[in-house]
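First the structure, in the form of structure tokens, and then the observations on it.
What you see is a predicted model, and the numbers here were worked out from it, not measured in a lab.
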Amino acid sequence: MANSKVTTTVDGRTLTAEQFHAEARRWAAIVRNMATANTSKFKKGKDGDSHTYRSGKKAGKSEKKLSKSTRFIIKQDNKIPESVGFKIPIHGIYQEWAVGFGQPRVAGKFVSANSKVKRSMLDWIDEPIEKHKEKLFSLAVEYWGDQAIVNVFGGKKGGN
């Protein structure tokens, strides 16, 4: 015990806010790519990259395929990642929940016998998030744990 010393500096690698942001972006890109790959399982979909409506309430408006229009966003507070979200067009939500044309979401069941479209639920976005959520949780724990240690010890020595 003669050689043991208590130090007031952190020695070793700590995760910076910039690294945390980069890793969160990498995580979100992986999840988005897996989700858009899942859209190939749909039985129906747009033939081209997008579709422009010719009539009805959406006349003149265009929709892209889910694989081309699903995005992610990382919200930050003081340059520190606070949340990761996905921007999904409404037709992607309809596919996930099997809703539309008067058919409300009821876990895998068709409510209206007279609905125009029969759909089944497909976890194209939730499944990749669920599969990889622990990685994102671990990143957050590592970053905030490092911040707690640096704040307690009051400094850091050495490199990153």
#### Entry: Distance, nearest 0.5 Å, that separates CZ of Arg25 from CZ of Phe72
4.0 Å
### Interatomic spacing from CD1 in Ile88 to CZ in Arg71 - rounded to 0.5 Å
12.0 Å
### Task
Check Ala17 against Pro81 and note the closest heavy-atom contact, atom names and distance.
O-CD, 4.1 Å
### Task
Any pair with a residue in residues 78-87 that passes side chain to side chain donor-acceptor pair (under 3.5 Å), sequence neighbours left out, goes on the list, sorted by first then second residue, please.
none
### Expected output: side-chain Asp146 to main-chain Thr14 donor-acceptor under 3.5 Å
no
### Query
Hey, what's the ring geometry for Trp27 with Phe86, parallel, tilted or perpendicular (30° and 60° as the breaks)?
tilted
### Smallest separation among heavy atoms of Glu127 and Asn38, with atom names
OE1-ND2, 3.2 Å
## Note on the structure
Separation between CD1 (Ile74) and CD1 (Ile80), nearest 0.5 Å, reads 13.5 Å
### Query
To the nearest 0.5 Å, how far apart are OG1 in Thr36 and CD1 in Ile125?
8.5 Å
### Message
Looking at every heavy atom in both Trp124 and Thr39, which two are closest together, and how far apart are they?
### Response
CE3-CG2, 3.7 Å
### Query
What is the distance from atom CG of Leu139 to atom CD of Glu134, rounded to the nearest 0.5 Å?
11.5 Å
### Query
Ile30: which other cluster members, linking ILVMFWY side chains closer than 4.5 Å, directly or transitively?
Met34
